[in-house]
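Contents: one structure, followed by commentary.
Chain A is the first sequence line, chain B the second, and so forth, proteins listed ahead of strands; every chain is numbered from 1. Bear in mind that the values here come from a model prediction, so they are computed numbers and not experimental data.
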Amino acid sequence: MCAIRAIALSAAALMAGHAVMADIIPLPPDTPLCAAPVLQDVDASAALRDCALLSTRACEAENGFVICASLETAYWESVMASEVTAHLRAHAAYDARLPGLQGVGSAVMDAQAAWQAYAEAQCDLVMAINSPGSGEMPSGAYCLLHMTVDRIIELREMP
Amino acid sequence: MRPPRSVFRHGLALGTALAILVLSQPAFAEAPQFPQDTQVCVRAAAQSDADPATLKDCALRSTRACQAREPFVSCAEREMEFWRGLLDQTLASFLGAAAQDHDRPHLADALSRSQKAWEIYVEAHCHAVERAMLGGSGAAPEELSCQLNHIVARIIALQGLD
């Protein structure tokens with residue numbers, strides 16, 4: 001298993017409610033509190049970047065960067081999943097009128113799968129640049145968190 | 001965490017490489033050709049110590065000037081050829097440096113995998129953007145703008161790896 005996939009899976013596992021880890025290290029609310037009003041404003045999506053790493057920084061007071069960033073990435077992944085779902089819902093009626101043609105929802109799903117593969121490959125590259133050494137895993141966690149935020153903004157700025 | 005090490009351990013920083021590549025392009029050595037406005041903007045960005053992200057401001061410059069005379073799509077397609085060339089040269093420079101990095105033999109493979117995944121992602125995402133225009137007249141221009149902006153973003157991302 002590639003290292004960045006391990007980081008992604010640890011984030012997903014945390015988000016899925018692996019109670020022991022989540023209870024021991026809850027995500028500080030800084031990032032969700034920052035993002036909540038921004039997510040209500042479709043024209044302010046780029047401001048989500050200002051919310052990135054806020055919870056990680058608070059968490060780092062007592063924990064390592066990689067686990068803190070993975071926790072925060074899990075939060076951003078849940079936001080990203082909501083944005084994909086919003087596209088599917090918004091275009092469901094239109095897509096139903098397109099027999100034999102690819103609908104918007106299907107195209108968004110294909111793009112999301114392609115993005116996932118790209119994010120893993122890109123963050124593997126970032127880790128390769130920082131290898132071997134102690135910066136390898138932190139650079140991968142940092143990369144995945146920022147790429148997830150950028151993808152959320154991209155999804156929100158789609159027509 | 002120690003600062004990331006440069007990919008270009010062997011002397012050539014990516015920003016410098018980009019400046020050399022841009023300045024050596026025929027359009028700068030001979031009479032200016034389309035996309036002149038974009039090329040001038042890229043040259044200025046490469047020569048300055050500005051944040052690499054300023055390159056984003058150069059995207060579609062020539063297309064905007066051109067579309068007073070020609071359809072947006074033909075203008076953007078021509079400008080995109082310039083950006084594709086710049087991306088190809090940036091990748092070649094990166095791969096050349098990575099090939100000499102004997103401490104990290106997997107670097108070139110990692111870049112190749114990332115680039116291939118990026119190409120699939122951009123095609124899929126910009127197709128989704130086109131589909132989301134619901135068949136309107138803006139669908140093709142939106143898809144082209146999407147592709148062009150992603151190429152520029154990819155060049156910036158590669159510069160950020162330096």
Side-chain angles (χ1 to χ4, degrees), chain A residues 2-4 60 64-66 69 84 87-88 90-91 93-95 97-98 101-143 146-147 150-151 154-155 157-159, chain B residues 1-9 14 53 56 91 94-95 97-98 101 103-139 141-143 145-146 149-150 153-154 156-158 160-162:
Chain A
C2 68
I4 199 64
E60 273 191 294
F65 175 83
V66 172
V84 171
H87 276 288
L88 301 184
H91 296 104
Y94 175 80
D95 289 351
R97 297 197 299 269
L98 295 174
L101 293 173
Q102 185 182 32
V104 181
S106 170
V108 169
M109 291 295 286
D110 286 351
Q112 189 59 22
W115 176 84
Q116 197 75 48
Y118 163 56
E120 288 179 14
Q122 178 66 9
C123 295
D124 276 344
L125 171 61
V126 168
M127 291 173 72
I129 289 169
N130 286 285
S131 71
S134 60
E136 186 175 350
M137 292 294 280
S139 68
Y142 183 92
C143 171
H146 280 282
M147 286 195 73
D150 285 344
R151 177 61 180 162
E154 184 169 72
L155 284 164
E157 290 181 345
M158 274 185 68
Chain B
M1 177 171 65
R2 65 177 168 76
R5 288 183 292 182
S6 170
V7 173
F8 295 90
R9 259 186 229 165
L14 187 54
K56 193 181 284 186
L91 284 165
F94 194 122
L95 282 169
D101 192 335
D103 292 341
R104 293 174 291 181
H106 304 302
L107 207 50
D109 281 348
L111 175 62
S112 296
R113 282 195 301 273
S114 169
Q115 186 59 22
K116 182 169 282 187
W118 175 83
E119 288 168 6
I120 294 168
Y121 147 66
V122 171
E123 184 172 340
H125 172 68
C126 295
H127 175 66
V129 168
E130 185 269 335
R131 297 303 301 156
M133 293 298 290
L134 311 181
S137 60
E142 280 290 332
E143 186 171 16
S145 294
C146 174
N149 283 319
H150 273 84
R154 181 64 174 165
I156 293 168
L158 290 172
L161 295 177
D162 183 18

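- Of all heavy-atom pairs spanning A110(B) and A128(A), the tightest one is CB-CB, 4.1 Å.
- Annotation: maximal heavy-atom pairing with chain A below 4.5 Å, among C126(B), A132(B), C146(B), G138(B), occurs at A132(B).
- Heavy-atom neighbours of E123(B) CD from other residues, nucleotides or ligands within 6.0 Å: at or below the threshold of 12.
- Put simply, CG on L134(B) and CZ on R97(A) are 8.5 Å apart, with the number rounded to the nearest 0.5 Å.
- The structure places CG of N130(A) at 8.0 Å from CZ of R104(B), a figure rounded to the nearest 0.5 Å.
- For M109(A), the CE atom counts as loosely surrounded, since its 6.0 Å shell holds 12 or fewer non-hydrogen atoms of other residues, nucleotides or ligands.
- Heavy atoms of R151(A) lying under 4.5 Å from chain B belong exclusively to its side chain.
- Rounded to the nearest 0.5 Å, atoms CZ (R113(B)) and OH (Y118(A)) are 14.5 Å apart.
- H127(B) places a side-chain heavy atom less than 4.5 Å from the side chain of Q102(A).
- Remark: R131(B) CZ to L98(A) CG distance equals 6.0 Å, nearest 0.5 Å.
- Counting heavy-atom pairs closer than 4.5 Å to chain B, the top residue among V104(A), L155(A), V108(A), L125(A) is L125(A).
- Counting only heavy atoms from C-beta outward, the side chains of L161(B) and Q122(A) approach each other to under 4.5 Å.
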